[in-house]
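Worksheet for the structure shown next.
Every number for a ligand or one of its atoms is a count from 1 in the order of the listing. Position 1 is the first residue of the sequence, and the numbers go up from there.
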Amino acid sequence: AKAEARGSQRRFAPDMEAAAQAAAALLAELPEAIEQGAIEPYFQPLVALPARRLIGFEVLARWPHPQRGMVSPAAFIPLAEEAGLIGPLTEALLRRACLAARDWPMPLTIAVNLSALQLSDEGLTPRLEDILAETGFDPARLELELTESALIGDLDRARAALLRLKQRGMRLALDDFGTGYSSLSHLRALPFDKIKIDASFVGRMSEQPECRSIVGAVIAMAASLGMATVAEGVEREAEAALLDDLGCAIGQGWLFGRPMPAEAVTALLAGPAPR
Ligand code: C2E
Ligand code: CA
Ligand code: CA
Ligand code: CA
C-alpha cells in the first residue's frame, strides 16, 4: 500500500506542478489583463418566480484568453485577491456593467460579487459611489453579493461596512447561503435584502426530501426576517416547480438563461417581448 501511495504521488506531482505553473503564468498576466479590460463582465438572468419575468442580471467575470480559452473566475479571482488586485478588477467590471446597462430599454438590476477582502476596505463605498456617479447609474439598481466568509471576524465592523453601502442606496445579497458558517443571530443583525440559496441544495432538491426541507426552511426564515430568497443553479423544470411551491421569489440558473456577454443582453432586450 505504501509503494502504491508513493506511486500515485509520483503520478500526481507533475499535474500539481503544471497547475502551479499555470496559476503563476496567469498571475503574471493578471495586472495587464485588468488594466487593458481583457476580463469582461458576463450577465446571467435573474427572474421573478413563478412567471419568470426578467428582473436583472448577475455580473460574472470572464477572461477570454488568447492561448488558454475562456478562463474561469474560479481560477483567477483567488489570484486577484492574492495579488491585491480584486478591488481594481471589481471596479473595472462594475464600470463596464453600468455602461452596458445604460443602453438597456428598462431599468433592470445588476448584481456584482464582492470579495470578502473588500468589505474591510474603508475606501470601498466612496469608490463604488464614484463609479455610479460617473456612469449615471442609480445605486438602487445595484445589488452587491457577499458570501458568509465576509462576515467572520469582527461582526460589528462587517455590519458597519454593510450599513454604509445600504445608506448609499445599494442593496445587499448573502451569497452561497448554506455552504459557510453563519448563525441565525448574525443574519438577524445584518442588513441583507436577499439570501441566495446555494446551488448544491437546489440541485439535490428533486431527489432528496431533506434538501427540499432545507430550502423550504430557508425561504420561510428569510421571509420572517423580511428578506427575499434567490435560488441558484436552477437547471431543471422539476426544480422550478418545487421552488414555486415553496414560494421562492427569484430564480437563477441555466433553465432561465446562461451567463452571456453584454451584446447578447442588448439583443435579448431588443427582441420580441416574452410571452
Ligand atoms: P457565484 O457567485 O456563486 O456565481 C454563480 C456561479 O454558478 C457562476 O459560476 C455561474 O456561471 C454558475 N451557474 C449559474 N447557473 C448555473 C446552473 O444552472 N448550473 C451550474 N452548474 N452552474 C450555474 P462562474 O461564473 O464560474 O463563477 C464562479 C464563482 O466565481 C462565482 O460563484 C463567484 O464566487 C466568483 N466570481 C465570478 N465573478 C466574480 C467577480 O466579478 N468578483 C468576485 N469577487 N467573484 C466572482
Ligand atoms: Ca454570486
Ligand atoms: Ca452563489
Ligand atoms: Ca458559488
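Any N or O atom pair closer than 3.5 Å counts here, and Ala61 shares at least one such pair with ligand 1. For the pair Gln252 and ligand 1, the shortest N or O to N or O distance does not fall below 3.5 Å. Taking distance alone, with nitrogen or oxygen atoms compared against 3.5 Å, Gln44 approaches ligand 1 more closely than that limit.
Of the candidates Leu60, Val112, Val202, Leu60 brings a heavy atom nearest to atom 10 (C) of ligand 1. With Thr90, Asn113, Leu94, Asp198 as candidates, the residue nearest to atom 42 (N) of ligand 1 on a non-hydrogen basis is Asn113.
If you look at Ile77 next to ligand 1, the close heavy atoms, those under 4.0 Å, all belong to the side chain. When heavy-atom distances to ligand 1 are checked against a 4.0 Å cut-off, Asp175 comes that close only through its side chain, counted from C-beta outward. At a heavy-atom distance under 4.0 Å, only side-chain atoms of Leu93, from C-beta outward, approach ligand 1. Residue Glu232 touches ligand 1 through its side chain alone, judged by heavy-atom distances below 4.0 Å.
By the salt bridge (Lys or Arg N to Asp or Glu O under 4.0 Å) test, Glu145 is found to be paired with Lys196, residues two or more places apart in sequence or in another chain being considered. Take Ala160 and apply the side chain to side chain contact (heavy atoms under 4.5 Å, CB included) test, not counting sequence neighbours, and it matches Arg164.
Within ligand 1, counting atoms from 1 as listed, the ones closer than 4.0 Å to a heavy atom of Gly233 are 16 (C), 17 (C), 18 (O). Listed by number with element, the atoms of ligand 1 under 4.0 angstrom from any heavy atom of Asp176 are 3 (O). The contact set between ligand 1 and Glu58, taken as ligand atoms under 4.0 Å from a residue heavy atom, comprises 2 (O), 4 (O).
A salt bridge does not link Arg62 with Glu40: none of the charged nitrogens is closer than 4.0 Å to a carboxylate oxygen. For Glu239 and Arg236, the salt-bridge test passes: some basic side-chain N is under 4.0 Å from an acidic carboxylate O.
Here the closest heavy-atom approach between residue Arg157 and residue Ser120 is recorded as NH2-O, 3.5 Å. Here the closest heavy-atom approach between residue Ala116 and residue Ala150 is recorded as CB-CA, 3.5 Å. Across every non-hydrogen atom of Arg141 and Leu108, the tightest pair is NE-O, 2.9 Å. Taking every heavy atom of both residues into account, Ile110 and Ala97 meet most closely at CD1-CB, 3.8 Å.
Between Phe43 and Trp104, the ring centre distance stays below 6.0 Å.
Applying the side-chain hydrogen bond (donor to acceptor under 3.5 Å, both in side chains) test to every pair with at least one member in residues 110-119, sequence neighbours left out, gives these pairs: Glu58-Asn113, Glu81-Ser115, Thr90-Gln118.
Listed by chain and number, Glu58 OE2, Asn113 OD1, Glu145 OE1, Asp175 OD2 are the protein N/O/S atoms closer than 3.0 Å to the Ca ion (ligand 2), with waters left out.
Ligand 1 is never approached by Lys196 to a heavy-atom distance shorter than 4.0 Å. Ligand 1 lies less than 4.0 angstrom from a heavy atom belonging to Pro259. The closest approach between any non-hydrogen atom of Glu235 and ligand 1 is below 4.0 Å. Taking 4.0 Å as the cut-off, Gln118 does not count as a neighbour of ligand 1 on heavy-atom distance.
Under a cut-off of 6.0 angstrom, the local environment of CD in Glu235 is crowded, with over 12 non-hydrogen atoms contributed by other residues, nucleotides or ligands. Annotation: Glu32, atom CD; neighbour count of heavy atoms from other residues, nucleotides and ligands within 6.0 Å does not exceed 12. Few gaps surround CZ on Arg96; more than 12 heavy atoms of other groups in view lie less than 6.0 Å from it.
Put simply, the side chain of Asp176 never gets that close to the backbone of Asp198: no donor and acceptor are under 3.5 Å apart.
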